[in-house]
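Everything quoted here is computed from the prediction, not taken from an experiment. Heavy atoms only: backbone and side chains are in, while hydrogens, waters and symmetry mates are out.
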Amino acid sequence: MAELHVLYFAWLRERLGRAEEALALPAGVTTVAALRQHLIARGDAYAALAEPTVRVAVNQAMAGPATRVAPGDEIAFFPPVTGG
Amino acid sequence: MAELHVLYFAWLRERLGRAEEALALPAGVTTVAALRQHLIARGDAYAALAEPTVRVAVNQAMAGPATRVAPGDEIAFFPPVTGG
Amino acid sequence: MAERARVAVQTAPFDVAVELAALTAGRHDIGAIGSFVGTVRDSAGGRRLAAMVLEHYPAMTERALAGIVAQAGQRWPLLGVTVIHRVGRLVPGDGIVLVLAASAHRAAALGATGFLIDWLKTGAPFWKQEYFVDGTSAWVAARAEDDAAAAAWATVPPPAR
Amino acid sequence: MAERARVAVQTAPFDVAVELAALTAGRHDIGAIGSFVGTVRDSAGGRRLAAMVLEHYPAMTERALAGIVAQAGQRWPLLGVTVIHRVGRLVPGDGIVLVLAASAHRAAALGATGFLIDWLKTGAPFWKQEYFVDGTSAWVAARAEDDAAAAAWATVPPPAR
């Protein structure tokens, strides 16, 4: 299935009004940076993803802008963690 | 009373065969170093006090060779501490 | 790797005595146990706190905690590690997090305890939202000093084993 | 100075849960509690240990412990400190020493915990005698690394309050 499973946490979840969504992998999107730009381009609440502190995990591991994304991946966006 | 109360702990107590003794302050003894030499000069088991690691406390506070001793003081000799 | 490693994320309170007993039961090679308990304070930024809600990313939390515990086990000769992090609604005085690290000697036990809590604060996907007595609420902001504390470990060579 | 300071030398076991509860009872300003538990190991220098006997210098112990706790309170903004040291005969698995340090934040709690146990090992008049399974016994020798650990604190500036 050519879908990404996208998750949002903490205040990102609140701003977007959703905790998760399924997303067809957009053509040409192969990295975290490209996916993030794609989502930001949706406008409105998605502009929150442009916040530079927002972190990304791919398949439950911290990811950088160049990390590859592929169909079936679980991509999570979230603010810096504040546990402990 | 011109007496010192002298205490020994741990292996010093065992070697000397006593945990404490009352000692008339010897003439001319006014420092920890002088008291220690006086006791070492007794010979036999008291030679253990010449062991350089042996520590001294005067009135329950750590003392150095130059610390003054006076009648009524409590002087303790002991090996380096090993609590905790 | 720690011989006994227990990692849990739970809504229920933790019992330090029970966890200590489980960590040390039947073991006579342990000489030192370091521990850290984090608790909810009743004020934050000068405002009175009514409650705190902790959210996490379950699938990632498990991996992150196991990874952090494994790293501690590579740095220090640990005989046991326990990490329990609570989620959900907590009130002032409640325990948030428990770290226990057991070793033969104190330097390893206390070093691992500090390492684990520093990394929990910066490397595990938990988020705190504070609810104040005045009716407002706010997500806790990450602190630069927490990142610095965790990053500092990268410059500390693992101790001699 | 810690708002709650409890120092005890006793033959009886200590109960970590009871001490934690006493330290934190009714307090909601505490955010972090560091702790250290030292226990008797079943071997020493490759020999099987049957028991350990701890001796101390009572009149001095009290002063030394109070002094160490006061020093910790000058270095860190502590909200409570508990130090319990056992004396008498202990067997493998028994607790020897308990240190608890409570503060608003973790750096103070863990820093004070490490400081207190380092100083307890070098500045408090306790002596351990080990009794081995083979019938021999020996006084524990002081370790140079313990002196170094305690002395290292003198080079660490007190943290900003």
### Task
Go through the atoms of Ala141(C) and report whether side chain, backbone, both or neither lie under 4.5 Å from a heavy atom of chain A.
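Backbone only.
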### Query
Heavy-atom distance under 4.5 Å to chain A: side chain of Ala124(C), backbone, both or neither?
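When you check distances to chain A, only backbone atoms of Ala124(C) fall under 4.5 Å.
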### Message
For Gln129(C) and Trp11(A): C-alpha separation, side-chain torsions, deciding distance, then whether side chain to side chain contact (heavy atoms under 4.5 Å, CB included) applies.
### Response
CA-CA 9 Å; Gln129(C) 191 171 18; Trp11(A) 58 256; over 6 Å; no
### Query
Heavy atoms under 4.5 Å from chain C: which residues of residues 76-84 of chain A carry them?
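Answer by number: Ala76(A), Phe78(A), Pro79(A), Pro80(A), Val81(A), Thr82(A), Gly83(A), Gly84(A).
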### Nearest atoms (heavy-atom pairs only) where Ala61(A) meets Arg63(C)
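Of all heavy-atom pairs spanning Ala61(A) and Arg63(C), the closest is CB-NH2, 4.4 Å.
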### Task
State, to 0.1 Å, how close Tyr57(C) and Glu74(A) come at their nearest heavy-atom pair, and which atoms those are.
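Closest heavy-atom pair between Tyr57(C) and Glu74(A): OH-OE2, 2.5 Å.
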#### Entry: salt bridge (charged side-chain N to carboxylate O under 4.0 Å, His left out) partners of residues 135-151 of chain C, not counting sequence neighbours, each pair once
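Residue pairs with at least one partner in residues 135-151 of chain C: Arg143(C)-Glu145(C), Arg143(C)-Asp146(C), Asp146(C)-Arg106(D).
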### Query
If you draw a 6.0 Å radius around CG in Asp134(C), do more than 12 non-hydrogen atoms from other residues or ligands fall strictly inside?
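Buried by this count: over 12 neighbours within 6.0 Å.
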### Task
Answer yes or no: does atom CD of Glu62(C) have more than 12 heavy-atom neighbours from other residues, nucleotides or ligands under 6.0 Å?
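No - once you tally the heavy atoms of other residues, nucleotides and ligands closer than 6.0 Å, there are 12 at most.
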### ring-ring contact (aromatic ring centres under 6.0 Å, His included) partners for Phe36(C), two or more places apart
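Expected list: none.
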### Task
Tell me, please, which residues at least two apart from Tyr46(A) pass ring-ring contact (aromatic ring centres under 6.0 Å, His included).
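Residues passing ring-ring contact (aromatic ring centres under 6.0 Å, His included) with Tyr46(A): none at all.
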### Task
Among Gly67(C), Gly38(C), Ala59(C), Ala64(C), single out the residue with the greatest number of heavy-atom pairs under 4.5 Å to chain A.
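Among Gly67(C), Gly38(C), Ala59(C), Ala64(C), the one with the most close pairs to chain A is Ala59(C).
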### Query
For the atom pair CZ (Arg13(A)) and CH2 (Trp139(C)), what is the distance rounded to the nearest 0.5 Å?
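Reported value, rounded in 0.5 Å steps: 5.0 Å.
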### Task
Give, as side chain, backbone, both or neither, the part of Ala57(A) having an atom under 4.5 angstrom from any heavy atom of chain C.
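The side chain, not the backbone.
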